[in-house]
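Down below is the structure, laid out as structure tokens.
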2 protein chains.
Amino acid sequence: MFSKACQYAIRAITLLAMEGRKGRRMALVEIAERTGTPRAFTAKVLQQLVRAGLLDSVKGPGGGFDLPPQKARQVTLSMVVKAIDNDDVYRGCGMGLPQCNARKPCPLHEQFQHVRENLRIMLESTNLHDLSMDLERGVTFLK
Amino acid sequence: MFSKACQYAIRAITLLAMEGRKGRRMALVEIAERTGTPRAFTAKVLQQLVRAGLLDSVKGPGGGFDLPPQKARQVTLSMVVKAIDNDDVYRGCGMGLPQCNARKPCPLHEQFQHVRENLRIMLESTNLHDLSMDLERGVTFLK
DNA sequence: CTAATTTCGGATAAGAACATCCTATATTTG
DNA sequence: CAAATATAGGATGTTCTTATCCGAAATTAG
């Protein structure tokens with residue numbers, strides 16, 4: 001469904017949303033440790049999120065990555081997924097036809113749209129603040 | 001969502017279901033042509049379906065691949081997907097956690113289950129006969 | 001100002017998915 | 001039986017994703 005890069009991104013940014021609420025900034029090493037993701041690769045992923053404007057970063061001692069609470073409320077899962085996986089999840093034919101639309105649909109076109117619409121709504125209506133709250137309460141886990 | 005191998009499989013076997021209703025058998029070359037998929041790779045995929053028992057094959061002149069109408073009614077999309085992609089679509093955590101279950105769920109566990117349950121029902125309730133009927137009526141297309 | 005820390009970014013490597021090629025094997029036709 | 005046809009399957013190549021490594025740039029602390 002999502003690429004590994006995208007999965008790592010969601011885990012990392014959820015953690016950052018939680019710590020961000022306490023005004024904390026996190027270094028890459030700590031993020032990778034607490035999410036159980038490979039350091040170097042996670043760095044690349046976080047850089048993409050920064051470039052996409054979903055995350056802040058600060059260099060030097062005491063630096064790291066940072067997601068202010070205000071931003072955590074605005075950023076949705078959908079934005080994170082799009083930043084990493086493009087909008088492959090939304091667009092594109094389930095059966096891989098180069099052209100597939102309502103006028104010339106693949107055999108699964110109809111059924112697929114429903115499933116994907118479901119996914120779209122889920123991703124767009126979930127923000128990082130909500131996800132991080134469950135995490136802080138100890139209801140959910142990152143590794 | 002599905003691998004290319006799986007997409008090719010669905011396209012090919014849908015076509016075979018349609019032709020099978022007319023008592024026809026199809027050679028690999030014709031299948032690849034009419035589904036717009038790479039020949040050699042499609043061959044591999046069809047072999048997997050044959051080994052999984054979802055499809056019949058006959059060697060030699062006049063041979064090819066064959067899906068009898070009776071079988072087309074019994075074979076669901078779910079079976080095809082499982083034969084090619086294993087049950088990765090059903091199992092596995094959306095965020096890639098090695099262990100993710102109701103007792104120790106990832107932040108998306110709940111939401112993800114709904115989406116995937118939706119997909120599961122869709123795949124299990126769609127059989128090849130139905131798909132091929134739409135194709136024969138010219139309502140849907142394979143390339 | 002110097003040294004230490006931390007992200008940034010390019011280069012490179014390892015692995016999986018996708019794709020092709022060629023020979024072997026089975027089957028039909030003449 | 002011989003020749004032609006078509007799938008089966010192993011070997012190989014290509015491309016994309018995943019992952020690592022290392023030096024550059026920026027920032028803080030002393």
Side-chain angles (χ1 to χ4, degrees), chain A residues 1-13 16 19 24-67 81 83-86 88-89 92 95-96 98, chain B residues 1-13 16 19 24-67 81 83-86 88-89 92 95-96 98:
Chain A
M1 191 89 81
F2 304 130
S3 69
K4 287 205 176 186
C6 190
Q7 295 177 337
Y8 297 162
I10 299 175
R11 289 201 242 166
I13 204 171
L16 282 165
E19 294 299 315
R24 288 196 200 130
R25 186 178 290 158
M26 296 185 76
L28 169 66
V29 185
E30 194 186 352
I31 297 173
E33 166 60 30
R34 291 180 52 188
T35 54
T37 59
R39 258 163 300 176
F41 191 63
T42 303
K44 299 288 186 198
V45 169
L46 289 176
Q47 280 168 36
Q48 286 188 70
L49 294 181
V50 171
R51 275 195 293 265
L54 304 183
L55 204 59
D56 299 333
S57 73
V58 179
K59 287 184 184 179
F65 298 89
D66 185 18
L67 182 62
V81 172
I84 306 296
D85 283 353
N86 305 309
D88 299 348
V89 186
M95 296 181 61
Chain B
M1 190 90 81
F2 305 129
S3 68
K4 288 204 176 186
C6 191
Q7 295 177 337
Y8 297 161
I10 299 175
R11 290 203 241 167
I13 204 170
L16 282 165
E19 295 298 318
R24 287 196 200 131
R25 188 178 288 159
M26 294 185 76
L28 168 67
V29 186
E30 194 186 352
I31 297 173
E33 166 60 30
R34 291 179 53 188
T35 55
T37 59
R39 258 163 300 178
F41 191 63
T42 303
K44 300 288 186 199
V45 169
L46 290 175
Q47 281 168 36
Q48 286 188 71
L49 294 181
V50 170
R51 275 196 292 265
L54 304 182
L55 203 59
D56 300 332
S57 73
V58 179
K59 287 185 184 177
F65 298 89
D66 185 17
L67 183 62
V81 171
I84 306 295
D85 283 352
N86 306 309
D88 299 348
V89 186
M95 295 182 61

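Here is the naming used below: chain letters follow the sequence lines, and residue numbers restart at 1 for every chain.
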Residue met sooner reading DNA chain D from 5', once A/A5 and B/G63 are mapped to nucleotides: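 The residue closer to the strand's 5' end, by nearest nucleotide, is B/G63.
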
In whole Å, what is the span from the [atom1] atom of [X] to the [atom2] atom of [N]?
{"X": "B/D88", "N": "C/dA17", "atom1": "CG", "atom2": "P", "result": "9 Å"}
{"X": "B/K4", "N": "C/dT20", "atom1": "NZ", "atom2": "P", "result": "10 Å"}
{"X": "B/Q7", "N": "C/dC18", "atom1": "CD", "atom2": "P", "result": "8 Å"}

Can you sort out which residues in residues 44-55 of chain B have a heavy atom within less than 4.0 Å of DNA chain C? Ascending by number, please.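 Listed by number, they are B/K44.
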
Check the phosphate of C/dC18 against B/Y8, side-chain N and O only, distance under 4.0 Å to OP1 or OP2. Yes or no?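 No.
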
Using a 4.0 Å cut-off on heavy atoms, which residues in residues 28-40 of chain B reach DNA chain D? List them by number, or say none.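 Going residue by residue through residues 28-40 of chain B, the ones with a heavy atom under 4.0 Å of DNA chain D turn out to be B/L28.
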
Looking only at non-hydrogen atoms, find the nearest pair between [X] and [Y] and report the distance.
{"X": "B/V45", "Y": "B/A5", "result": "CG1-O, 3.5 Å"}
{"X": "A/L54", "Y": "A/I13", "result": "O-CD1, 4.2 Å"}
{"X": "A/I31", "Y": "A/F65", "result": "CD1-CD1, 3.9 Å"}
{"X": "A/I84", "Y": "A/S3", "result": "CG2-OG, 4.3 Å"}
{"X": "B/D85", "Y": "B/F2", "result": "OD2-CA, 3.7 Å"}

Please test B/D66 against B/V58 for side chain to side chain contact (heavy atoms under 4.5 Å, CB included), starting from the C-alpha separation and ending with a verdict. CA-CA 8 Å; B/D66 185 17; B/V58 179; 5.6 Å; no

Axis deviation across the helix from C/dC1-D/dG30 to C/dG30-D/dC1, five-pair ends, to the nearest 10°: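 About 0° separates the two local helix axes.
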
Output the distance between atom CG (B/L28) and atom OG (B/S57), rounded to the nearest 0.5 Å.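 OG of B/S57 is found 11.0 Å from CG of B/L28.
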
Can A/D88 and A/V81 be said to form a side chain to side chain contact (heavy atoms under 4.5 Å, CB included), step by step? CA-CA 9 Å; A/D88 299 348; A/V81 172; over 6 Å; no

Opening and closing nucleotides of DNA chain D in contact with chain A, under 4.0 Å to non-hydrogen atoms: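 Answer, 5' to 3': D/dT18 to D/dT28.
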
What pairs meet the side-chain hydrogen bond (donor to acceptor under 3.5 Å, both in side chains) rule with one or both residues in residues 31-44 of chain B, with sequence neighbours excluded?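 Those involving residues 31-44 of chain B are B/E19-B/R34, B/E30-B/R34, B/T35-B/T37, B/T37-B/T42.
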
Table of protein N/O atoms under 3.5 Å from nucleotides 26-30 of chain C N/O atoms:
unit_1, atom_1, unit_2, atom_2, d
C/dA26, O4', B/K59, NZ, 3.4

